[in-house]
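Start at 1 and go down the list; that is how both ligands and their atoms are numbered.
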Amino acid sequence: DLEALEHEGREYILQLDRMAGIRKNRASIAEWAYTSNITKENEEARIQIQLELSKQEKQAWEETKMYRWQDFQDFSLRRMFKKYSQLGVSALPDDKYKLLMQSVSGMESNYATSKICSYKDSTKCDLALEPDITELFAKSQDPEELKHLWVEWHKAAGAKSRANFTQYVQLDNEAAKLNNFKDVAEWWQSEYEVPDFEQQLAKLWEDVKPLYQQLHAYVRRRLRDKYGDQVVSARGPIPAHLLGNMWAQTWNNIESFTRPYPDKKEVDITQAMREQNYTALKMFRMSDEFFRSLNLTAMPEKFWKNSIIEKPTDREIVCHASAWDFYDGEDFRIKQCTTVDYEYFQTTHHEMGHIQYFLQYKHQPVIFRDGANPGFHEAVGDTIALSVSSPKHLRRVGLVQGDAEDEQTEINQLYKMGIDKVVFLPFAYTLDLFRYGVFRGETQPEDYNCHYWRLREMLQGLEPPVNRTEEDFDAAAKYHVSADVEYARYYVSFIIQFQFHRTLCQLAGEYVPEDLTKKLVDCDIYQSVAAGNALANMLKMGSSKPWPDAMEALTGQRAMRADGLLEYFRPLHEWLQAENQRTGEYIGWEPSKIQYC
Ligand SMILES: C=C(C[SeH])C(=O)N1CCC[C@H]1C(=O)O
Ligand SMILES: [Zn+2]
């Protein structure tokens, strides 16, 4: 009878889950060995192990689908069977599986090891993205040097991966079809378990776009003031190499010469960190202490022993920051090439947020050790970082001196947050709208660069610094495209982290709507056990329930909405509208004159 069948099913799936944990542990060990020491033999070993594990997964999958789990009464049991019934890339035959692994690995190692020559010294050709090119791009205010760095990086890390990327798309789409998806776009969106995910992304963009356009118009004017109207036009897109970041995904590095009230003392956190002899380890210790102050879990001993927090000097590694779960309940690691600056201070909290999520759901079955959706995992650390980056907290830890806020300082602070958080949204949206089109076949290889830049111009109001052709492949010059990492997760994160922040601030008594002494912009939840406990309760759920349940558990809302972000930035939005009106700024952008299609 069904009762007995369900009991037998539970025994089976719990045993399968234990085996899956061992497989995932072995996969993480092999992946770590390769990405923390990029050599041919480590790459081959990793692919060999992935192949072996995929055979075991395929075997288990054959057995799992024999169960009539759709009729089981127990919700969690059905959910476990449903997740285990999806085989993933292991559904490919061995030869195609291996080809797919090789094409992604080829792109990723190219990205990780790409070097370019210096602008000022053409014989110096050992510049790596981290820390060399990143630092130069953040500091340089010479448009010609920035153009050189931009063009050379996009040639080395982007164009080179065009062939591998085309093969990856072909094979990954085959795997999608073997999993009963039309294409990879549908597969990626299925992770969010809502039928209208893409429409939700579009609606969120409609909500945020007016604020973005005001910010874009203001920044364009300040850049035109600085570089002249031969470099920055009054009504066109902004050249993408002038925004302080290789992908123009955050504009925080141009804050020093574009902030609204320049005569207000400059808040240079990076300089303060260096003056106070901050080290990578100190940044990690401070982040760990913040989480502990919320009554969340301390980093375990193994974390401090096994993590790589600075770039090694004796080998090549994948420097792009990452957090690792080894699925054994005690081994959790971060790998990042930390530099002592504000940006990496944020990144450290971002990665520690991933580890905290791992720690909170480690008691769950292996199959539920995941974010409620991929965006949740990206939002944990950033939510904490919203408190850390508040003037109140920065004063608390001594990174900012001096008095409390006045109106102008608050606008400067909101501007600093806006050129980090608001400008990121059209970038993130572009990256996956582009790849949805590629996976769907709407964008063929001969259109890759043209379609990528059409979206960049339409959504971000940017243009390339020089003409582009289909010899280029600029999308792959971004880590996540070269590493097959879905990106809508960050778009979701940058929306929901403000919903999380608002709730936690209210729980911490730090934010009271309409109370001008308890403003959202100045909220710091540090040491609030009430906020920490509420966050922990949501994190403990992992992916055991559909994400609206997790969202509701924490915020009372069951949907992702832009209202948290728009409430946070409202004073800035009003200021920008008034300022752009005062200067008669053209809002939006006319078509670019640069050739890229
Ligand atoms: C820090 C990570 C590792 Se999950 C990252 O890739 N992030 C964090 C914010 C956006 C995105 C990026 O760097 O593009
Ligand atoms: Zn992340």
Side-chain angles (χ1 to χ4, degrees), residues 31-32 35-36 108 111-112 129-131 133-134 137-138 153 157-158 191 240 243-253 280 283-284 287 307-309 311 317-325 332-339 341-359 370-386 388-389 417 419-432 434-435 456 460 474-498 500 539 565:
E31 177 94 5
W32 178 273
T35 58
S36 61
E108 183 159 24
Y111 185 94
L129 179 67
E130 296 196 45
I133 303 170
T134 303
F137 219 88
W153 175 255
E191 291 297 308
L243 292 149
N245 173 275
M246 183 58 76
W247 309 280
Q249 70 184 68
T250 154
W251 302 352
N252 54 335
N253 291 315
M283 292 155 72
F284 275 80
S287 181
S307 291
I308 295 175
I309 65 171
K311 183 174 187 174
I317 73 167
V318 173
C319 263
H320 194 85
S322 56
W324 297 63
D325 187 345
F332 306 93
R333 306 177 195 178
I334 284 172
K335 172 165 57 61
Q336 68 179 48
C337 300
T338 312
T339 46
D341 51 47
Y342 184 59
E343 201 164 320
Y344 252 110
F345 196 41
Q346 305 269 76
T347 299
T348 300
H349 286 84
H350 176 94
E351 297 307 327
M352 294 285 262
H354 286 301
I355 304 289
Q356 190 59 226
Y357 216 156
F358 297 150
L359 291 169
D370 227 338
N373 75 37
F376 274 61
H377 232 298
E378 299 308 331
V380 181
D382 279 14
T383 302
I384 301 303
L386 284 173
V388 171
S389 54
M417 297 306 289
I419 54 174
D420 191 30
K421 298 293 181 180
V422 176
V423 306
F424 179 81
L425 289 163
F427 168 75
Y429 195 23
T430 296
L431 225 51
D432 274 5
F434 167 69
R435 290 190 286 179
R456 288 269 274 176
Q460 286 187 272
D474 297 330
K478 176 60 193 169
Y479 170 77
H480 300 69
V481 176
S482 280
D484 175 31
V485 178
E486 182 258 9
Y487 211 80
R489 64 186 64 178
Y490 300 103
Y491 185 93
V492 168
S493 160
F494 277 54
I495 293 288
I496 64 177
Q497 64 187 246
F498 287 92
F500 295 174
L539 298 179
L565 180 145

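Aromatic rings from H320 and Y111 are positioned such that their centres are separated by 6.0 Å or more. Y357 and F376 have their aromatic ring centers separated by at least 6.0 angstrom.
Looking at T348 and Q336, their side chains do bring a donor and an acceptor atom within 3.5 Å of each other.
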### Message
F427 vs K478, test: side chain to side chain contact (heavy atoms under 4.5 Å, CB included). Steps then yes/no.
### Response
CA-CA 11 Å; F427 168 75; K478 176 60 193 169; 4.0 Å; yes
#### Entry: Trace of the side chain to side chain contact (heavy atoms under 4.5 Å, CB included) decision for R333 with F358
CA-CA 10 Å; R333 306 177 195 178; F358 297 150; over 6 Å; no
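Just one of V492, V481, L431 meets the side-chain contact (heavy atoms from CB on, under 4.5 Å) condition when paired with Y487; it is L431.
Aromatic ring pairs are classed by plane angle as parallel below 30°, tilted from 30° to 60° and perpendicular above 60°; the pair H480 and Y490 is perpendicular.
Side-chain contact between Y479 and V318 is present, with heavy atoms from C-beta onward closer than 4.5 Å. With a 4.5 Å cut-off on side-chain heavy atoms, W324 and T35 count as touching.
The count of protein N, O or S atoms under 2.8 Å from the Zn ion (ligand 2) stands at 3, with waters excluded from the count.
The 4.0 Å heavy-atom shell around ligand 1 contains residues Q249, H320, A321, H350, E351, H354, E378, F424, K478, H480, Y487, Y490, ordered by chain and number.
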